[in-house]
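For reference, the structure discussed in these notes is given below.
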Amino acid sequence: MAAASQEEVARKLGYASPAELILHLPLRYVDETRITSLRDARLGDTVQVEGVVEHAEIQNRPHRQLVVQVLDGASGNARLICRLLHFYPSQVALLKPGTRVRLLGEIRPGFFGAEMVHPQFRVVRDNTPLPESLTPIYPAVAGLSQHAIRKAVAAALAEADLSDPLPARGHFPSFADALKALHHPPPDADLTALEARDSLAWRRIKFDELLAQQLSLRQAARQRQVLRALPLPDDGALGKRLLAALPFSLTAAQQRALHEIHRDLAHPYPMNRLLQGDVGSGKTLVAALAVLPALAAGTQAAVMAPTEILAEQLYLKFHEWLTPLGIEVAWLTAAHKGKAKKATLAGLADGNIHIAIGTHALFQNEVNFHHLALVVVDEQHRFGVAQRLALTEKGAVYPSPLTPHLLMMSATPIPRSLAMSYYADLDVSVIDQLPPGRTPIATRTINANRRAEVIARLRDYCLSGSQAYWVCPLVEESEKLQLRAAEESHAELVALLPELHIGLVHGRMKSHEKADVMSAFKAGELHLLVATTAIEVGVDVPNAALMVIEHAERYGLAQLHQLRGRVGRGARESSCVLLYEGPLSDTAKRRLKIIHDQTDGFAIARADLLLRGPGEFLGARQSGQQLLRFADAEADADLLEQARNAAAALLERYQGGVQRHLARWLPRGLDLYRA
Ligand code: ADP
Ligand code: MG
């Protein structure tokens with residue numbers, strides 16, 4: 001293998017330039033700093049010994065191998081047998097009798113005494129000096145030798161400016177010392193702490209990484225504050241009227257969230273806030289109250305939902321709550337056509353319609369707002385970044401220098417540590433409380449071989465005046481198969497339960513068909529609603545208190561939690577039956593146990609995070625987020641907190657240093673999670 005150039009090494013390892021190699025940190029180390037005499041080496045020890053080749057031959061039994069006998073003269077002529085199972089002709093040529101070698105490996109018992117299988121070896125002279133530091137083993141890729149990586153990294157370290165661009169932090173070593181301790185640790189270094197990535201040097205590096213992330217996110221937040229938005233102070237008048245008409249009052253958590261939103265809206269720069277709240281925590285009402293300042297100011301608001309069913313549900317709620325206040329509410333989805341659509345578009349363009357609720361149809365080219373000042377995105381995680389951007393850009397058209405305020409809502413809670421590290425440019429409000437009077441949902445996991453029993457119970461339940469959902473198995477491979485599964489379940493239940501009125505709703509239905517079924521269910525005309533995950537989010541029918549989920553093992557945790565959240569919305573006792581088909585995989589087992597034991601969405605999200613890791617959890621591709629290389633937002637929460645605190649002060653006082661720190665850590669910039 002020809003020696004790779006530094007550029008080649010950097011490129012193969014995925015770096016844009018050799019300078020980035022300074023942060024290519026070792027996975028582990030081997031100790032070549034001392035030589036153990038063969039006499040002192042104990043079985044099982046990994047040691048380096050030195051000796052002279054006495055004899056070498058290729059044997060063919062039990063399998064082809066190069067067997068080398070080494071004599072340790074300094075050790076009273078002790079002998080070691082080395083076995084190389086894979087070897088090159090060049091190695092055979094090297095290991096001639098008389099050659100002095102250093103061998104590193106584990107001492108094992110062999111038929112003829114001590115042995116090493118596949119030792120790492122080096123040909124040396126009598127007086128070749130020993131290295132002064134532990135030898136790093138780097139993450140590698142095929143076609144790159146450790147030797148080449150070591151050389152390239154060492155060269156990068158020698159060339160780089162390793163000084164600290166930002167003021168020293170008392171308890172950490174300097175950047176240069178930290179890198180030295182990691183790339184070339186002294187022989188007496190604590191290997192356990194090093195390899196567990198828990199030494200002071202590691203903590204400095206992780207802190208620096210988290211600091212870079214926090215600095216760049218904060219910078220982005222500042223850039224947002226340079227954008228202009230129409231300040232929308234709240235005088236509270238419309239809100240008072242809306243609340244007076246409701247049969248309940250806001251929970252303390254709803255009030256807090258609403259207060260935070262209204263405070264942001266009063267600023268002359270755009271709000272970028274995420275409203276998190278568990279399923280059923282009452283985000284819709286908060287959203288309806290949140291838009292009032294925009295309407296009071298004579299501007300418009302848009303509310304975007306990921307599905308037609310959800311858009312319609314939102315529309316019905318907003319219509320019910322806001323129309324009595326003299327507010328014109330309209331809705332717009334892909335299903336709206338002809339005259340009605342024309343009227344809506346005209347109303348949006350001339351400002352006679354104050355608030356538009358809809359799906360992504362809201363940001364099609366033909367839609368123009370008179371003065372869009374606030375955008376609300378429900379279930380934001382279901383939209384891509386581009387879709388959200390498109391809607392906020394609608395507002396930038398007129399009056400041109402202004403950007404609309406943005407409120408995003410999500411029932412898939414992001415644990416605090418993750419939110420802090422990946423969404424630092426996003427202000428987060430949390431509704432951590434459910435409206436009073438909800439009874440907890442009892443969850444049961446039942447083997448599908450007891451399906452008939454479950455169906456019999458379902459009949460009694462529905463005949464006693466309650467309503468229920470039957471959620472069909474998820475078929476990820478194809479929407480067609482998914483549809484067939486839904487139709488089959490529906491047909492079967494209709495046949496088995498002739499005394500019940502049973503509806504079917506799925507994603508392939510025309511939207512007016514869906515709407516008809518949903519409103520029949522809402523009105524209590526249907527006992528049972530057979531559904532695909534079309535009902536996953538937002539559906540609100542308080543009288544439905546039982547849900548059966550078929551093939552629950554196919555669903556993810558967040559999805560199960562969302563689905564289950566469709567029941568437990570009224571005062572009656574609710575339950576959720578998870579039918580599963582055995583045998584279950586370990587992950588499926590763990591998932592079902594979590595959903596069975598936990599009802600709190602935040603606890604479920606944390607468990608989900610542990611099960612899947614942050615990349616998959618956040619949907620790294622969707623958020624375009626570069627994940628952390630060294631630090632872990634959960635495990636290093638203390639460092640994250642420190643970095644977050646330091647970032648604010650540093651940005652104030654050390655602009656130059658901040659830019660150098662960012663250039664070192666994020667040479668290619670941070671692909672920001674932006675609205
Ligand atoms: P989600 O947060 O999942 O979007 P919703 O906004 O659909 O929840 O609210 C669930 C139900 O709770 C709705 O029927 C809503 O009218 C009701 N609700 C909202 N706030 C309160 C409250 N403070 N007290 C009682 N019921 C409430
Ligand atoms: Mg909702």
Side-chain angles (χ1 to χ4, degrees), residues 1-30 133-166 173-185 194-195 197 199 201-217 219-220 421-422 613-616 618 620-621 623-633 636 639 643 657-673:
M1 200 184 324
S5 72
Q6 197 192 21
E7 268 84 20
E8 240 178 294
V9 172
R11 190 170 37 76
K12 284 192 174 160
L13 291 172
Y15 298 106
S17 97
E20 292 183 38
L21 286 171
I22 62 170
L23 287 168
H24 190 66
L25 296 178
L27 293 171
R28 52 191 183 85
Y29 306 87
V30 292
S133 56
L134 301 179
T135 309
I137 308 287
Y138 288 105
V141 294
L144 270 188
S145 69
Q146 283 295 327
H147 179 70
I149 299 176
R150 274 177 211 140
K151 248 181 60 187
V153 171
L157 284 168
E159 288 155 21
D161 169 10
L162 301 180
S163 64
D164 283 330
L166 291 168
S174 71
F175 184 63
D177 286 347
L179 282 190
K180 185 156 189 275
L182 296 179
H183 285 291
H184 304 122
L194 266 179
E195 289 178 4
R197 307 201 153 189
S199 65
W202 266 115
R203 284 176 63 80
R204 160 77 203 236
I205 294 298
K206 292 183 192 178
F207 174 81
D208 274 18
E209 178 179 44
L210 290 165
L211 182 64
Q213 187 192 44
Q214 293 300 315
L215 285 170
S216 73
L217 289 169
Q219 237 178 6
S421 76
Y422 297 104
E616 212 181 313
L618 283 177
R621 250 180 321 166
S623 67
Q625 187 58 244
Q626 173 172 348
L627 298 178
L628 295 164
R629 287 156 68 190
F630 305 120
D632 175 317
D636 303 311
L639 290 175
V658 164
Q659 297 319 318
R660 275 176 60 211
H661 187 80
L662 290 177
R664 173 179 284 166
W665 277 95
L666 300 165
R668 284 164 278 175
L670 180 62
D671 195 1
L672 280 178
Y673 184 87

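From a predicted model like this one, the values you see are computed outputs, not experimental measurements. The basis for the numbers below is simple: all heavy atoms, side chains too, and nothing from hydrogens, waters or symmetry mates.
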- Test side-chain contact (heavy atoms from CB on, under 4.5 Å) applied to L21 and I149, step by step: CA-CA 9 Å; L21 286 171; I149 299 176; 5.9 Å; no
- Task: Please test L179 against L25 for side-chain contact (heavy atoms from CB on, under 4.5 Å), starting from the C-alpha separation and ending with a verdict.
- Result: CA-CA 8 Å; L179 282 190; L25 296 178; 4.0 Å; yes
- Item | Minimum heavy-atom distance between A212 and L662, given as atom pair plus value | O-CD2, 3.3 Å
- Message: Looking at every heavy atom in both L166 and V658, which two are closest together, and how far apart are they?
- Response: CD2-N, 3.7 Å
- Task: Apply the test side-chain contact (heavy atoms from CB on, under 4.5 Å) to residues F175 and D161: give CA-CA distance (whole Å), side-chain angles for both, the deciding distance (0.1 Å), then the verdict.
- Result: CA-CA 10 Å; F175 184 63; D161 169 10; over 6 Å; no
- Query: Roughly how far, to the nearest 0.5 Å, is the CG atom of D636 from the NZ atom of K206?
  - Reply: 4.0 Å
- Item | Atom pair CZ/CD of R11 and E8 - distance to nearest 0.5 Å | 5.5 Å
- Could you tell me whether the side chain of Y29 and the main chain of L182 form a donor-acceptor pair under 3.5 Å? yes
- Note on the structure: When rounded to the nearest 0.5 Å, the distance separating CD of E20 from CG of L13 is 11.0 Å
- Which one of H24, H183, Q146 satisfies the side chain to side chain donor-acceptor pair (under 3.5 Å) criterion with Y138? H183
- Task: For residues L194 and A181, report the shortest heavy-atom separation together with the two atoms involved.
- Result: CD2-O, 4.0 Å
- Item | CH2 on W202 to CD on E195, rounded to 0.5 Å | 11.0 Å
- Message: Testing the basics here: between L144 and A4, what is the closest heavy-atom pair and its distance to 0.1 Å?
- Response: CD2-CB, 4.0 Å
- Query: Charged N to carboxylate O under 4.0 angstrom, D177 versus R204?
  - Reply: no
- Query: Looking only at heavy atoms, which two atoms of R660 and S163 are closest? And how far apart?
  - Reply: NH2-OG, 3.0 Å
- Any chance you could measure L210, atom CG, to L215, atom CG, to the nearest 0.5 Å? 11.0 Å
- Query: Looking at CD of E209 and CG of L23, how far apart are the two atoms once the value is rounded to the nearest 0.5 Å?
  - Reply: 8.5 Å
- Should R150 and T135 count as side-chain neighbours, where that means a heavy-atom distance under 4.5 Å? yes
- Return the minimal non-hydrogen interatomic distance between A152 and Q6, and the atom names on each side. O-NE2, 3.2 Å
